[in-house]
Amino acid sequence: MIQGDVKKRIDTWIANYPEDQRQSATMPALRIVQEANGGHLTTELMDEIAEYLGVAPIAVYEVATFYGNYNHQPVGKHQINWCNSISCYLRGGEELRAKLEQKLGVKPGEVTADGKFSIKKVECLGACGGAPMCKIGKTYHENLDEESLFKILDELE
Amino acid sequence: MVHQNENCFRLNHLERSYDIDVYMANGGYEVWKKVLSGELEPAEIIEEVKASNIRGRGGAGFPTGLKWSFMNRTAPGQKYIVCNSDEGEPGTFKDRDIHRYNPHALVEGMMIAGYVIGASQGYNYIRGEFWEPYQVFKKAIEQAREAGLLGKNILDSGWDFDLHVHLGAGAYICGEETALLESIEGKKGQPRFKPPFPASYGLYGKPTTINNTETLASIPMILAKGGKWFNDLGVKNAGGTKLYSVSGHVNNPGNFEVRMGTPFKDLLDLAGGVWNDRKLKCVIPGGASTALIPAEKALEMNMDYDSIANAGSFLGAGSMIVMDETTDIVKVCQNLSHFYWDESCGQCTPCREGTGWLMRVLNRIIEGKGRPEDIAALKDVSGKIMGNVICGLGDAATIALASAVDLYEHEFMHYIEHGCSIYDRV
Ligand SMILES: NC(=O)C1=CN([C@@H]2O[C@H](COP(=O)(O)OP(=O)(O)OC[C@H]3O[C@@H](n4cnc5c(N)ncnc54)[C@H](O)[C@@H]3O)[C@@H](O)[C@H]2O)C=CC1
Ligand SMILES: Cc1cc2nc3c(=O)[nH]c(=O)nc-3n(C[C@H](O)[C@H](O)[C@H](O)COP(=O)(O)O)c2cc1C
Ligand code: SF4
Ligand code: FES
């Protein structure tokens with residue numbers, strides 16, 4: 001996996017840190033490899049990162065399981081990160097999530113049968129002024145209601 | 001009249017405010033040039049920052065000038081300036097907009113801070129979900145480098161400075177400054193014991209200064225117009241302007257940059273007032289880790305450290321969560337307790353276990369299975385966490401809850417006695 005473009009991207013991150021601190025690139029490497037693998041990590045991939053950075057495999061597993069944005073199970077092509085925290089809750093985020101689950105026919109943690117969508121419950125995404133909100137892929141969608149949310153989903157390839 | 005947008009947001013009304021041309025056309029990087037030319041010396045800068053009375057905008061309110069003075073600029077060895085853009089406290093979303101609308105103020109603030117403390121390298125830790133703000137910031141770094149304001153021997157001054165980004169990956173705890181350093185080092189984000197503070201043992205064990213995004217982005221204006229100018233905008237013990245994130249039950253949620261000491265009422269008006277023609281029930285003034293303030297007190301207070309402390313809470317990061325008269329406080333507590341349980345890094349037993357206890361007791365109360373002794377249990381568990389943990393997260397998990405139990409105990413009791421909320425018609 002760590003070759004070509006993936007390798008180039010990881011190397012750019014390694015160059016951001018002091019020469020003797022390759023371990024610092026663990027997080028970016030995990031993100032880049034996860035992306036290239038369709039959204040989730042495997043033990044083999046984590047081992048490959050450990051070897052490439054010259055750190056113990058356990059150091060990579062620790063990081064990969066500590067941070068919420070690394071996935072260890074397959075996810076949908078479009079991963080919907082649904083904010084569950086207080087400001088989104090106050091503005092109807094929970095009710096809207098129920099409608100989303102109904103529309104897609106999946107619960108958080110599950111992937112739709114066609115592999116297109118998965119839902120993940122997350123904590124505050126730092127966009128509480130646009131509550132309720134979610135992140136799909138890398139994009140924030142704010143001030144959602146049933147109509148705008150469903151329109152966004154329908155327009156995704 | 002409420003004065004707005006005098007500092008970090010002063011360019012927001014301009015098109016392409018994030019662009020270096022717009023920034024420079026409005027005085028941007030002038031301070032940096034003065035610093036490099038030797039016209040403004042480090043000791044002088046620290047004096048100005050002290051005079052400005054700016055206190056850390058990340059929430060703890062530590063005086064910034066004092067923090068900078070802990071660094072020995074001329075000591076040999078690498079030093080670092082680190083910006084905390086992890087912004088994860090529920091209700092807080094101001095630093096995101098600094099990145100989106102005025103990234104060059106942050107770049108310039110980091111350059112100046114780095115120079116003052118003797119750090120030739122800087123890292124901006126941006127939460128990983130902030131992809132768009134990260135792109136804008138990255139572009140700003142590139143523009144500054146192209147303009148010769150970053151890099152080696154900048155403008156022939158003999159000073160080198162370079163700026164990097166580290167992206168988070170979904171862990172609120174990495175906003176705690178020492179967890180953040182661990183995270184840049186490529187480890188789990190678990191806070192270190194303090195002391196030593198980062199000024200003596202920081203990133204890679206080197207002397208490091210960490211400041212919040214808003215703190216650093218305020219520096220160029222403070223130095224352009226003088227510490228006194230900034231201080232005089234605010235009130236006693238609270239110099240300058242502040243970004244307030246207003247969310248929850250208001251008509252027009254958003255970020256508002258106003259002067260310290262602005263009446264809460266005025267801030268609420270800027271945010272369009274309470275929605276649906278309802279009355280205010282209470283607010284959480286400084287993000288999820290601060291105590292609730294009931295409407296009567298909130299409507300009388302001003303937005304500064306002392307006034308909010310007098311009202312029984314804490315200014316924190318300036319994250320005002322507004323709740324209307326129909327809000328079920330027990331459910332609010334359930335939501336907050338889930339957050340802390342989810343985000344505890346797990347290294348201290350009272351926090352790891354206690355946050356789970358609090359959440360389960362609240363779940364049980366809401367499911368109608370509460371027991372009369374549960375109120376005492378909430379207090380008891382909170383008391384066992386408070387003060388017995390490594391970082392502020394554990395304490396924070398108990399603060400809003402404890403205040404809610406004090407102020408609205410009858411709402412908890414109603415659930416326990418009737419199995420439902422006081423707002424449920426039986
Ligand atoms: N912006 C956000 O998203 C969030 C903000 N917070 C805020 O963070 C606050 C807690 O932050 P902490 O860093 O734990 O507070 P703290 O009081 O331990 O430290 C504040 C700052 O002052 C420095 N400092 C304090 N005493 C020092 C000393 N004797 N010598 C040298 N440096 C010293 C620390 O290094 C730190 O940079 C909370 O009050 C909360 O409001 C909490 C969660 C999220
Ligand atoms: C659990 C926890 C989370 C925190 N999250 C943030 C954060 O997201 N952003 C921030 O600037 N400070 C955060 N802080 C405060 C930092 O530890 C530190 O005080 C701050 O970055 C110092 O910068 P300042 O003096 O400019 O405010 C957090 C503290 C704790 C205990
Ligand atoms: S108080 Fe909680 S979050 Fe902080 S170090 Fe201890 S376990 Fe981790
Ligand atoms: S509470 Fe949903 S983005 Fe902050």
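No hydrogens, no waters, no symmetry mates; every other heavy atom, side chains included, goes into these values. Letters go in sequence order (proteins before strands), and every chain restarts at 1. No experiment lies behind these values; they were computed from the predicted model shown.
The two residues B/V332 and A/Y89 come nearest to each other via the heavy atoms CG2-CE2, 4.4 Å. Shortest non-hydrogen contact noted between A/L90 and B/I321 is CD1-CG2, 3.6 Å. Closest approach of B/G91 and A/C128 over heavy atoms only: N-SG, 3.3 Å.
B/Y204 contributes atom OH, which lies 5.0 Å from atom CD of A/Q21 (distance to the nearest 0.5 angstrom). The OG atom of A/S85 sits 10.0 Å away from atom CD of B/E89, with the distance rounded to the nearest 0.5 Å. Rounding to the nearest 0.5 Å gives a distance of 11.0 Å between CD of B/E87 and CG of A/L125. To the nearest 0.5 Å, atom NZ of residue A/K135 and atom CZ of residue B/F130 are 11.5 Å apart. The line from NZ of B/K187 to OG1 of A/T26 is 10.0 Å long, rounded to the nearest 0.5 Å. Note that CG of A/N69 is 8.0 Å distant from CZ of B/R127, once rounded to the nearest 0.5 Å.
For B/Y80, the part lying under 4.5 angstrom from a heavy atom of chain A is the side chain only. Heavy atoms of B/L167 lying under 4.5 Å from chain A belong to its backbone as well as its side chain. Heavy atoms closer than 4.5 Å to chain A are found nowhere in B/I284, neither backbone nor side chain. Proximity to chain A (any heavy atom under 4.5 Å) is shown, for B/S319, by neither the backbone nor the side chain. Only the side chain of B/L336 comes within contact range of chain A, with heavy atoms under 4.5 Å apart. If you measure heavy-atom distances from A/N84 to chain B, the contacts under 4.5 Å come from the backbone alone. When heavy atoms are compared at a cutoff of 4.5 Å, A/A131 does not approach chain B at all. Heavy-atom distances place the backbone of B/T92, and not its side chain, under 4.5 Å from chain A. Both the backbone and the side chain of A/K138 come within contact range of chain B, with heavy atoms under 4.5 Å apart.
Counting heavy atoms of neighbouring residues, nucleotides and ligands inside a 6.0 Å radius, atom NZ of B/K139 does not exceed 12 of them. Under a cut-off of 6.0 angstrom, the local environment of CD in B/E325 is crowded, with over 12 non-hydrogen atoms contributed by other residues, nucleotides or ligands. Heavy-atom neighbours of B/E367 CD from other residues, nucleotides or ligands within 6.0 Å: above the threshold of 12. For CD of A/Q73, the number of neighbouring non-hydrogen atoms (other residues, nucleotides, ligands) closer than 6.0 Å is 12 at most. Within a 6.0 Å radius of NZ in B/K281, other residues, nucleotides and ligands contribute more than 12 heavy atoms. Counting heavy-atom neighbours within 6.0 Å of A/K8 NZ, excluding the residue itself, gives a total of 12 or less.
Taking the side chain as every heavy atom from C-beta outward, B/P253 and A/R91 approach each other to under 4.5 Å. Under the 4.5 Å side-chain criterion, counting only non-hydrogen atoms from C-beta, B/C345 is in contact with A/F66.
Counting heavy-atom pairs closer than 4.5 Å to chain B, the top-ranked of the candidates A/I86, A/V63, A/T139 is A/I86. Ranked by heavy-atom pairs shorter than 4.5 Å toward chain A, the options B/K188, B/K94, B/E132 are led by B/K188. For chain B, the option among A/S87, A/G126, A/G68 with the highest count of heavy-atom pairs below 4.5 Å is A/G126. Highest contact tally toward chain B, considering only A/A25, A/G130, A/A64, A/P18, is held by A/P18 [criterion: heavy-atom pairs under 4.5 Å]. Among B/G254, B/A169, B/G170, B/G248, the residue with the largest count of heavy-atom pairs under 4.5 Å with chain A is B/A169.
A donor-acceptor pair is defined here as one N or O able to donate and one able to accept, closer than 3.5 Å; no such pair exists between the side chain of B/S247 and the backbone of A/G129. Checking side-chain atoms of B/Y123 against main-chain N and O of A/N16 turns up a donor-acceptor pair under 3.5 Å.
A salt bridge links B/R96 to A/E142: at least one charged side-chain nitrogen sits closer than 4.0 Å to a carboxylate oxygen.
The aromatic rings of B/H166 and A/Y17 stand perpendicular to each other, their planes meeting at an angle above 60°, with 30° marking the opposite boundary.
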| request: Start with the C-alpha distance between B/C174 and A/Y67, add both sets of side-chain angles, then the distance that settles side-chain contact (heavy atoms from CB on, under 4.5 Å), and finish with yes or no. | output: CA-CA 10 Å; B/C174 290; A/Y67 295 90; 3.5 Å; yes
